[in-house]
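Structure first, then comments.
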Amino acid sequence: MMISLDHVTKVYRHAEHAAVSDVSIAIDKGEFTFLVGPSGSGKSTLIRLILREERATRGRIDVLGHNLSTISSRKVPFYRRKLGVVFQDFRLLTNKSAAENIAFSLEVTGRSRGYIRQAVPDVLRLVGLDGLGDQMPNELSGGEQQRVAIARAVVTKPDLLLADEPTGNLDPDTSRGIMTLLERINAGGTTVVMATHDTDTVNRMRRRVIELERGRLVRDEDRAGYEVAR
Ligand code: ADP
């Protein structure tokens, strides 16, 4: 089991309601899972719990063999290096080129310069940005910036890729390209968990859908779609 949540509840300090309420989920290696629900339903909180940026108030979370309730603070940075993360707003370092952004995530994990010199062009090719390594983030389109962010997240070969609304700032065409890329990464063996409220994307992909409503799990279905009541 890659991710296991057992009766997990998260109540933020000073909050009246639980952001995540009694959620139990098991995600296997190699799965592609959508986490859906309206804004405020708890998707980002679940991602932050899995990243161990937040701690569960109740219940137990295990990821990649680590019990996140008992993992020591000293080990958390090492734990996080096993995960890749992508966000809606890309979060690239604006003063570094595309290639430098990607190289940086390898430098942090102590890879050699020789390794980095080879790995960066390889991953740029993988994400369809061949030849754009020297561009600065502000010289790239939104879709290209998200490809850089994805390259940076996967260049360390994580077992698990977490994506929080990765297509949220992109037009439908560009979103489709990003989803094709995430599908390809998943086909290579990386487990993908993607939070989104984009019904079109979910309906096109027909993957496992875990739906939240006010912090509660209301649906967990394979090869599913996503409808929003209007
Ligand atoms: P989603 O990602 O589905 O939009 P969130 O996980 O961001 O949902 O939010 C779930 C609930 O938790 C919301 O009611 C939100 O206002 C609340 N919340 C999120 N982050 C915090 C925080 N840092 N402190 C207090 N409440 C928060």
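One-based numbering, in listed order, for ligands and for the atoms of each. Any value given below was found using the heavy atoms of this structure, including those in side chains, with hydrogens, waters and symmetry copies removed.
Looking only at heavy atoms of the protein, atom 24 (N) of ligand 1 is closest to Tyr12 CG, 3.5 Å. Protein heavy atom closest to atom 8 (O) of ligand 1, with residue, atom name and distance, is Gly42 N, 3.1 Å. The nearest heavy-atom contact from the protein to atom 6 (O) of ligand 1 is Thr45 OG1, 2.5 Å. Looking from atom 12 (O) of ligand 1 to the surrounding protein, the closest heavy atom is Ala19 CB, 3.2 Å. Of the protein's heavy atoms, Gly40 N, 2.7 Å lies nearest to atom 4 (O) of ligand 1.
Atoms of ligand 1 lying under 4.0 Å from any heavy atom of Arg48, numbered from 1 in the order shown and given with element: 19 (C), 20 (N). Listed by atom number, the atoms of ligand 1 under 4.0 Å from Ser41 heavy atoms are 1 (P), 3 (O), 8 (O). Atoms of ligand 1 found under 4.0 Å from any heavy atom of Lys43 (numbered from 1 in listed order, with element): 1 (P), 2 (O), 3 (O), 4 (O), 6 (O), 8 (O). Close contacts between ligand 1 and Pro38 involve ligand atoms 3 (O) [criterion: under 4.0 Å to a heavy atom].
A donor-acceptor contact closer than 3.5 angstrom links the side chains of Tyr12 and Thr45. Between the side chains of His66 and Lys75, no donor-acceptor pair is found at a separation under 3.5 Å. Residues Asp134 and Ser97 bring no donor and acceptor atom of their side chains to less than 3.5 Å of each other.
Val8 places none of its side-chain heavy atoms less than 4.5 Å from the side chain of Arg58.
By the 4.0 Å N-to-carboxylate-O rule, Glu31 lies too far from Arg207 to be salt-bridged with it. In this structure, Asp220 pairs ionically with Arg208, as a charged nitrogen and a carboxylate oxygen lie closer than 4.0 Å.
With a heavy-atom cut-off of 4.0 Å, Ser44 touches ligand 1 through backbone and side chain alike.
Remark: side-chain polar atoms of Lys43 are not paired, donor with acceptor, to backbone N or O of Leu212 under 3.5 angstrom.
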(message) If you apply the rule side chain to side chain contact (heavy atoms under 4.5 Å, CB included), what do you find for Leu126 with Arg184, and how did you get there?
(response) CA-CA 9 Å; Leu126 169 80; Arg184 185 140 33 92; 4.1 Å; yes
Handout entry: Ser44 vs Asp164, side-chain hydrogen bond (donor to acceptor under 3.5 Å, both in side chains): CA-CA, chis, key distance, verdict
Key = CA-CA 7 Å; Ser44 298; Asp164 195 352; 3.0 Å; yes
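Residue-ligand proximity: Gly37 is placed with every non-hydrogen atom at 4.0 Å or more from ligand 1.
Of the protein's heavy atoms, none falls inside 4.0 Å of atom 15 (C) of ligand 1.
Residue Arg13 has no nitrogen or oxygen atom sitting less than 3.5 Å from a nitrogen or oxygen atom of ligand 1, judged on distance alone.
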